[in-house]
S.K.: 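My questions all concern the structure below.
Keep in mind the model is a prediction, meaning the values are calculated, not measured.
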Amino acid sequence: MCQHRPQCPPPESPNREAARVVAPHPEQGWSLLCNGVLLFDDTGELLPDGQAIDPAQRRAQVAAA
């Protein structure tokens with residue numbers, strides 16, 4: 001999916017939210033990242049494979065890193 005250099009982190013990467021925003025929708029509370037991840041304003045995520053990462057999980061992952 002990512003066509004630029006350096007490439008964005010893949011959706012399974014712990015730092016996947018560092019990918020470039022390709023479709024911002026702040027009025028709706030979400031953005032589509034270059035790696036296919038939907039990032040929500042509450043820090044929740046929806047991965048391209050359909051896996052949902054709730055905000056509490058995401059905060060725990062960031063704190064552990």
S.K.: At what distance, to the nearest 0.5 angstrom, does CG of L39 lie from CG of L47?
M.R.: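 One finds 10.5 Å between CG of L39 and CG of L47.
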S.K.: Are side-chain heavy atoms of I53 and E17 found at a separation under 4.5 Å?
M.R.: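 The answer is no, as the side chains (C-beta and beyond) never meet within the 4.5 Å cut-off.
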S.K.: Examine V22 and V37 and state if one hydrophobic cluster contains both, with Ile, Leu, Val, Met, Phe, Trp and Tyr joined whenever side-chain heavy atoms are less than 4.5 Å apart.
M.R.: no
S.K.: Partners of P9 by side chain to side chain contact (heavy atoms under 4.5 Å, CB included), sequence neighbours excluded?
M.R.: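 If we apply the side chain to side chain contact (heavy atoms under 4.5 Å, CB included) test to P9, skipping adjacent residues, the hits are S13, N15, A18, A19.
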S.K.: Return the set of residues passing side chain to side chain contact (heavy atoms under 4.5 Å, CB included) with Q7 (not counting sequence neighbours), or none when no residue passes.
M.R.: C2, R5
S.K.: When you measure from the side chain of N35 to the backbone of R16, do you find a donor-acceptor pair of N or O atoms at a distance under 3.5 Å?
M.R.: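 Here the side-chain-to-backbone pair exists.
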S.K.: Below 3.5 Å, can you tabulate the donor-acceptor pairs from side chains in residues 27-34 to any protein atom, sequence neighbours excluded?
M.R.:
{"residue": "E27", "atom": "OE2", "partner": "H25", "partner atom": "ND1", "Å": "3.4"}
{"residue": "Q28", "atom": "OE1", "partner": "W30", "partner atom": "NE1", "Å": "2.9"}

